[in-house]
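Below is one structure, written out as structure tokens; the observations come after it.
Note that the structure is a prediction, hence the values are computed from the model and not measured. Numbers here are sequence positions counted from 1.
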Amino acid sequence: VVDVAIVLARPGLGEGGLAHSARSLSLARRVVRELAAAGIPAAGPLEAPLVHLEGLECPAVIVELGALATPAGISLALDPDVQARMAEAL
């Protein structure tokens, strides 16, 4: 399962914070749809406290393509067909 995390507007993001939040959510939803259409199950969009994206004054989405903590995740990450489908979906 692929995680699609989004960063929502936080105080101090500036005038465009709410608009960026809406665009981030819209983009995250589209990524989830595209991955699903490619046969890649996606969880999300998920809200997450992503410190490295705080302060951006633009829409922000992080896509985590696979979890290398499990043998199944490693197997998927190394599969050229899965890699191609993920790349095409994005």
Side-chain angles (χ1 to χ4, degrees):
V1 175
V2 176
D3 291 334
V4 181
I6 62 168
V7 178
L8 296 178
R10 291 183 172 84
L13 269 185
E15 244 178 69
L18 291 177
H20 297 320
S21 174
R23 290 187 193 121
S24 294
L25 181 56
S26 177
L27 176 58
R29 287 178 176 156
R30 181 166 183 191
V31 168
V32 168
R33 282 193 311 269
E34 294 294 330
L35 287 167
I40 307 294
L46 309 169
E47 273 188 66
L50 302 169
V51 177
H52 48 286
L53 293 182
E54 286 184 12
L56 289 179
E57 295 199 19
C58 62
V61 175
I62 288 184
V63 180
E64 184 180 89
L65 297 174
L68 300 180
T70 66
I74 294 169
S75 177
L76 284 175
L78 295 176
D79 184 320
D81 178 58
V82 172
Q83 292 173 2
R85 288 187 290 136
M86 286 181 182
E88 183 65 30
L90 293 175

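Looking at residues two or more places apart in sequence or on another chain, you find a salt bridge (Lys or Arg N to Asp or Glu O under 4.0 Å) between Arg85 and Asp81. Under the side chain to side chain contact (heavy atoms under 4.5 Å, CB included) criterion, Glu34 pairs with Arg30, Ala89, not counting sequence neighbours. Partners of Leu78 according to the side chain to side chain contact (heavy atoms under 4.5 Å, CB included) rule, which considers only residues two or more places apart in sequence or in another chain, are Ile74.
Residues Leu35 and Ala42 share a closest heavy-atom pair of CD1-CB, 4.1 Å. Residues Ala28 and Val61 come closest through the heavy atom pair N-CG2, 4.0 Å.
Atom CD1 of residue Ile40 and atom CG of residue Leu65 lie 8.5 Å apart, to the nearest 0.5 angstrom.
Listed by first and then second residue, the salt bridge (charged side-chain N to carboxylate O under 4.0 Å, His left out) pairs that reach into residues 67-78 come to none, sequence neighbours excluded.
For Gln83 (side chain) and Ala77 (main-chain N/O), a donor-acceptor pair under 3.5 Å exists by modelled atom type.
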